[in-house]
Amino acid sequence: MRHWLLKSEPNVFSLEDLKNCPNQTEHWDGIRNYQARNLMRDGMKVGDRAFFYHSRQAEPAIVGTVRVVREAYPDHTSWDTTSKYFDENSSEENPRWLMVDVQFESEFSLPITLKELRNIPELKEMFLLRKGMRLSIQPVTEEEFELILSLVKD
DNA sequence: GCCAACGTTGGC
DNA sequence: GCCAACGTTGGC
């Protein structure tokens, strides 16, 4: 099993929103970056766990965890002309972009903030903390995942 | 809201 | 195939 981190702007789609979805499950659409797409396609398996990260807010933070419940399949918003994720180079016959389905797993009683993560020497190499690292889907090592989970006080 | 860092596009 | 211009991300 592999581990991941999924970024989302909470005003666009938050962990709360995921909790309120039917079956607490939603497709992770709108990924328009090849590296992120390839990680979904080649790496993500049903049962994998991922952190849910809120970006572009006053205090960016990991707010909980989700599980992958469906492996990569075509992102239908890419050929939906009314979607802001529309891509004229993608079609139902020849989809360029993919998505996975994720299900809510847990919400931390206290978010683990980016600031907090930066203060942990063992996480120095973590993708999220590297300069200029903007990938919205990132691999997380098992050690990093367990260490961060151990910080959660519930 | 600013702007540095990054990815993509497209002219040549 | 280079690289300038442009658009986007995301911390601050």
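Just the heavy atoms: all of them, side chains too, but no hydrogens, waters or symmetry mates, feed the values below. Naming convention: chains lettered A, B, ... in sequence-line order (proteins, then strands); numbering from 1 in each chain.
Between A:Tyr53 and C:dG11, a side-chain N or O to OP1/OP2 separation shorter than 4.0 Å is present. Proximity of A:Lys7 to the phosphate of C:dT9: no side-chain N or O atom is located under 4.0 Å from OP1 or OP2.
Side chain of A:Pro60, nearest nucleotide from B:dG7, C:dG11, B:dT8: C:dG11. Side-chain atoms of A:Arg134 lie closest to B:dA5 of the nucleotides B:dT8, C:dG11, B:dA5. Closest approach to the A:Leu114 side chain among C:dC12, B:dT8, C:dT8 is made by C:dC12 (side chain taken as heavy atoms from C-beta onward).
Between A:Leu129 atom CG and C:dG11 atom P the separation is 10 Å, expressed in whole Å. For A:Asp87 and C:dG7, the CG to C1' distance is 14 Å, given to the nearest whole Å. Atoms CE (A:Met133) and P (C:dG11) sit 12 Å apart, rounded to a whole Å. In this structure, A:Leu135 places its CG atom 13 Å from P of C:dG11, rounding to the nearest Å. Rounded to an integer number of Å, the gap from OH of A:Tyr85 to P of C:dT9 is 8 Å. In this entry the distance linking NZ of A:Lys131 with P of C:dG11 reads 14 Å, nearest Å. For A:Gln35 and C:dT9, the CD to P distance is 15 Å, given to the nearest whole Å. Between the CG atom of A:Asn33 and the C1' atom of C:dT8 there is a distance of 11 Å, rounded to whole Å.
A:Arg37 forms no cation-pi arrangement with A:Tyr34, by the criterion of a distance under 6.0 Å to the ring centre and an angle within 45° of the ring axis.
The residues A:Arg96 and A:Asp75 are annotated as not salt-bridged, no charged nitrogen and carboxylate oxygen being separated by less than 4.0 angstrom.
Among all heavy-atom pairs drawn from A:Lys7 and A:Met133, the shortest one is NZ-O, 3.5 Å.
No side-chain heavy atom of A:Ile31 sits under 4.5 Å from any side-chain heavy atom of A:Tyr85.
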